[in-house]
Amino acid sequence: QVQLVESGGGLVQAGASLRLSCAASGRTFNSYYVGWFRQTPGKEREFVARIHFSGGATYYGDSVKGRFTISRDNAKNTVYLQMNNLKPEDTAVYYCAVLEKPYRSIWFGDYRYWGQGTQVTVSS
């Protein structure tokens, strides 16, 4: 059974940093992308970043470029999201998921194995 578990969220002030973790169990994802998304009440899940688990290729959403960095630790089967210079508009529940498609995508509907999410709250 594949399971993704997110952790590392919290309440911080604007300008602070947080590092989220996405730990995978049940299998490895060396041939696939792992993505981070975020969601606020009443809105669709927004693409944040993705990384190819073995090759390391990355891609970011426009709203986080230059502030967030996605990385992975293959030995730990874990993907990280380093978030710097956080803003109140970054407040959301953050999720990770796997893209098991033969193409790159930023649409949440193409991803699967969603974790339970971790709350990030940024105060002004």
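Taking the side chain as every heavy atom from C-beta outward, R104 and Y33 approach each other to under 4.5 Å. Proximity of F53 to N74: side-chain heavy atoms (C-beta onward) are separated by under 4.5 Å at one or more points. No side-chain heavy atom of C22 sits less than 4.5 Å from a side-chain heavy atom of Y80. Proximity of T118 to V93: side-chain heavy atoms (C-beta onward) are nowhere separated by under 4.5 Å. Residues Q39 and E44 are not in side-chain contact: their nearest non-hydrogen atoms beyond the backbone lie 4.5 Å or more apart. Here the side chains of L99 and Y32 are not in contact, with every heavy-atom distance at 4.5 Å or above. The shortest distance between side-chain heavy atoms of R38 and L20 does not fall below 4.5 Å.
What you find for T40 and A92 is that their closest heavy atoms are CG2-CB, 3.7 Å. Closest of all the heavy-atom pairs between Y111 and W114 is O-NE1, 3.3 Å. Here the closest heavy-atom approach between residue F47 and residue G61 is recorded as CE2-N, 3.6 Å. Of all heavy-atom pairs between S124 and P88, the closest is CB-CG, 3.8 Å.
Cation-pi geometry between R45 and F37 is not met: the NZ or CZ atom fails to fall both under 6.0 Å from the ring centre and inside 45° of the normal.
Cluster membership for F29 and L81, using ILVMFWY side-chain heavy atoms within less than 4.5 angstrom, is shared. The hydrophobic clustering, which links ILVMFWY residues whose side-chain heavy atoms are closer than 4.5 Å, places V12 and V64 together. Y95 and V5 fall into different hydrophobic clusters, where Ile, Leu, Val, Met, Phe, Trp and Tyr are joined by side-chain heavy atoms under 4.5 Å apart, directly or via other members.
The number of heavy-atom neighbours closer than 6.0 Å to OH of Y59, taken from other residues, nucleotides and ligands shown, is 12 or below.
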Taking it one step at a time, do D110 and S105 satisfy side chain to side chain donor-acceptor pair (under 3.5 Å)?
CA-CA 7 Å; D110 282 333; S105 173; 2.7 Å; yes
Could you walk me through whether R50 and I106 satisfy the side-chain contact (heavy atoms from CB on, under 4.5 Å) test, starting with their C-alpha distance in whole Å, then the side-chain angles of each, then the deciding distance to 0.1 Å, before giving a yes or no?
CA-CA 8 Å; R50 67 168 186 248; I106 63 171; 3.5 Å; yes
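Of the charged side-chain nitrogens involved, at least one lies within less than 4.0 Å of a carboxylate oxygen, so that E100 and R27 count as a salt-bridged pair. Of the charged side-chain nitrogens involved, at least one lies within less than 4.0 Å of a carboxylate oxygen, so that D62 and K65 count as a salt-bridged pair.
A donor-acceptor pair under 3.5 Å is absent between the side-chain atoms of T121 and the main chain of L11, judged by distance alone. Under a 3.5 Å cut-off, the side chain of N77 and the backbone N or O of A24 do form a donor-acceptor pair. For the pair R67 (side chain) and M83 (backbone), a donor-acceptor distance under 3.5 Å is absent. Side-chain atoms of Q82 never come within 3.5 Å of backbone atoms of I70 as a donor-acceptor pair (strictly under, hydrogens ignored). Judged purely by atom type and a 3.5 angstrom limit, E6 has no side-chain atom pairing as donor or acceptor with the backbone of S21. Side chain of T78 to main chain of K76: a donor-acceptor pair is present (N/O by atom type, distance under 3.5 Å, no hydrogens or angles).
In this structure, the ring of Y60 has its center no less than 6.0 angstrom from the ring center of F68.
Side-chain N/O atoms of N84 and S17 include a donor and acceptor closer than 3.5 Å. In this structure, a donor-acceptor pair under 3.5 Å is absent between the side chains of S63 and E89.
Note: T91 OG1 to Q119 CD = 7.5 Å, rounded to the nearest 0.5 Å.
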